[in-house]
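Structure, as structure tokens:
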Amino acid sequence: MATNIAKPMKRRGIKGEGAWGYAFIAVALVVFAMFTAYPVVSAFIISLQEYKPLGSTYVGLDNYVSTLKDGLFWQAMRNTVVYTILTVPVNLFLSMVIAILILPLRKKTQGFFKGVYYLPVVASGVALSVVWLWIFDPMEGGILNQLIHFFGISNQNWLGSSKTAMFSLVLMSWLSSHGTSIIIYLAGLLGIDDTYYEAAEMDGANFFQKLWHIVVPSLKPATLFLLVTGVIGSFQVFQNAYLMTGGGPNNATTMVGLLIFNNAFTYFEFGKAAAQSLILAIIIAGISVIQFKYVGKDVEY
């Protein structure tokens, strides 16, 4: 009587296209591990220490407790929230309006305006800050002071007064942070089918009705993406405050990113800076989850 003996299954090796696939994934994983995972893990370890290059002391959660009791940290957080609220919605609105205005133009004209608005994105941040320092010059030669003279307003110390310093940074964002958003909104506008507009015109819809019922809903995926990335970017803002005001006057423009930088590279409190950076990351992650849950619940990609 013949017996059937099950043969052991051979394990499939990684060959051919599969090997190439794993090779490409490996490259991405190595990059992720080196430049994302390792810095995060390292920051967490440092946050539990009184870090010194030649010997650190384990302090547990002391850096976190110290941060949460630090009035300057909460002032910086408040400044960051105010900056975010004042810049992100306005920038999204302005970018959408500009994209809608550019859309009917001929391709060459569209390309010109795209280049003009995108130029600040690729320009050096230091060079842009020098230009804005000239604009905010507190003397009569300052461009903004010359402008307000037409309305009978005297010279203002835009960056040197706690009353106007935050507004100056916000104004800088309003007038120079639209390049990427305009490009994305234009791509979204070009993806809207003309039949929607034709159907709306047949029903007697005017320009603003088409804008509200067709354009705005169709651009919701782009708006969600720009909203999330805009909030993340504004919570991490550093360059403008560092180059324009240095966080002053009286910490009126000290953002969380600038505070972390100062703690790490001015006061050499690396453990405290690491703890603050992780707290900021948790806050940003929480806000992003809320945005996706409540703003993006009916968004289709």
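Quick caveat, the model's predicted, so the values are computed rather than measured.
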Atom pair [atom1] ([X]) and [atom2] ([Y]), whose distance is rounded to the nearest 0.5 Å:
| X | Y | atom1 | atom2 | value |
| --- | --- | --- | --- | --- |
| Ile232 | Gln291 | CD1 | CD | 7.5 Å |
| Ile184 | Leu189 | CD1 | CG | 12.0 Å |
| Ile182 | Gln110 | CD1 | CD | 12.0 Å |
| His178 | Ile183 | NE2 | CD1 | 13.0 Å |
| Thr245 | Met166 | OG1 | CE | 8.0 Å |
| Met77 | Met255 | CE | CE | 12.0 Å |

Checklist line | Worked check of side chain to side chain contact (heavy atoms under 4.5 Å, CB included) between Phe73 and Val256 | finding: CA-CA 7 Å; Phe73 174 78; Val256 178; 4.3 Å; yes
If you take all heavy atoms of [X] and [Y], which pair is closest and at what distance?
| X | Y | value |
| --- | --- | --- |
| Ala241 | Leu258 | CB-CD2, 4.1 Å |
| Lys210 | Ala200 | CG-CB, 3.8 Å |
| Gly179 | Tyr118 | C-CD1, 3.6 Å |
| Leu159 | Met244 | CD1-O, 3.7 Å |
| Ala76 | Leu259 | CB-CD2, 4.0 Å |
| Asn79 | Thr254 | ND2-O, 3.1 Å |

Next item on the list: Show your reasoning for whether side chain to side chain contact (heavy atoms under 4.5 Å, CB included) applies to Trp132 and Leu175.
Entry: CA-CA 10 Å; Trp132 279 101; Leu175 299 179; 3.7 Å; yes
Margin query: Glu198 vs Thr195, test: side chain to side chain contact (heavy atoms under 4.5 Å, CB included). Steps then yes/no.
Written below: CA-CA 5 Å; Glu198 295 171 358; Thr195 56; 4.3 Å; yes
Do the side chain of [X] and the main chain of [Y] share a donor and acceptor less than 3.5 angstrom apart?
| X | Y | value |
| --- | --- | --- |
| Asp70 | Leu72 | yes |
| Ser66 | Asn63 | no |
| Ser42 | Pro39 | no |
| Gln276 | Ala273 | no |
| Ser234 | Val231 | yes |
| Thr253 | Gly248 | yes |

Any link between [X] and [Y] through a network of hydrophobic side chains (Ile, Leu, Val, Met, Phe, Trp, Tyr) touching at under 4.5 Å?
| X | Y | result |
| --- | --- | --- |
| Phe235 | Leu169 | no |
| Trp74 | Ile282 | no |
| Leu211 | Leu186 | yes |
| Ile85 | Ile283 | yes |
| Val131 | Leu171 | yes |

Beyond-backbone contact of [X] with [Y], side-chain heavy atoms, under 4.5 angstrom:
| X | Y | answer |
| --- | --- | --- |
| Lys272 | Tyr267 | no |
| Gln236 | Ile284 | yes |
| Leu128 | Leu243 | no |
| Thr84 | Val237 | no |
| Tyr185 | Leu92 | yes |

Residues, nucleotides or ligands: over 12 heavy atoms within 6.0 Å of [X] [atom1]:
| X | atom1 | answer |
| --- | --- | --- |
| Phe238 | CZ | yes |
| Tyr197 | OH | yes |
| Trp174 | CH2 | yes |
| Phe261 | CZ | yes |

Next item on the list: Could you name each residue pair satisfying side chain to side chain donor-acceptor pair (under 3.5 Å) that touches residues 155-172, not counting sequence neighbours?
Entry: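 For residues 155-172: Asn145-Trp158, His149-Asn155.
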Note to self: Under 3.5 Å, is there a donor on one side chain and an acceptor on the other for Thr87 and Ser173?
What the structure shows: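 Per modelled atom types, Thr87 and Ser173 side chains form no pair under 3.5 Å.
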Note to self: Using the side chain to side chain donor-acceptor pair (under 3.5 Å) criterion, which residues pair with Thr266? Sequence neighbours excluded.
What the structure shows: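 By the side chain to side chain donor-acceptor pair (under 3.5 Å) rule, Thr266 matches no residue at all.
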Notebook entry, point to check: Checking side-chain contact (heavy atoms from CB on, under 4.5 Å) against Tyr64, which of Leu61, Asp62, Thr67 comes through?
Noted result: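 Among the candidates, only Leu61 passes.
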Item checked: Trace of the side chain to side chain contact (heavy atoms under 4.5 Å, CB included) decision for Thr109 with Phe113 -> CA-CA 6 Å; Thr109 310; Phe113 282 105; 3.6 Å; yes
